[in-house]
Amino acid sequence: MENPITGKLSTLISRLEKKRANFYPADWNADPLYEVICELRKIIKEAHGQKAAPPLRRVGESGQ
C-alpha cells in the first residue's frame, strides 16, 4: 500500500512533468523544474527504501 504522502508527491511530480512539457523540449534537462522533479523522486525512493526512483516520464510535444 502506498503512503499517502508519497501518493501526493507522485501527483505533484505528474503535474510538474506536464508543466515542463509545455515549457521545454522533451529532452531538455537544464531547468529548475527538472531539478525539483529529481529531488521529489529521491524523497519517494527514500520513503520506500528503493534502490532507484522510477525514471522521468517522456511527454510528447503536445504536452500529453
*Supply the atom-to-atom distance Thr6 OG1 to Lys45 NZ, rounded to the nearest 0.5 angstrom.*
14.5 Å
*If you round to the nearest 0.5 Å, how far is CD1 of Ile43 from CD1 of Ile5?*
11.0 Å
*Please name all residues satisfying side chain to side chain contact (heavy atoms under 4.5 Å, CB included) with Leu16, sequence neighbours left out, ordered by chain then number.*
Leu12, Leu33, Val36, Ile37, Leu40
*Sequence neighbours left out, what passes side chain to side chain contact (heavy atoms under 4.5 Å, CB included) with Pro25? Give chain and number order.*
Asp27, Trp28
*side-chain hydrogen bond (donor to acceptor under 3.5 Å, both in side chains) partners for Asn29, two or more places apart*: none
*Check side chain to side chain contact (heavy atoms under 4.5 Å, CB included) between Ser10 and all other residues, then give those that pass, not counting sequence neighbours.*
Glu2, Ile44
_From Lys18 atom NZ to Phe23 atom CZ, the distance as rounded to the nearest 0.5 Å_ = 14.0 Å
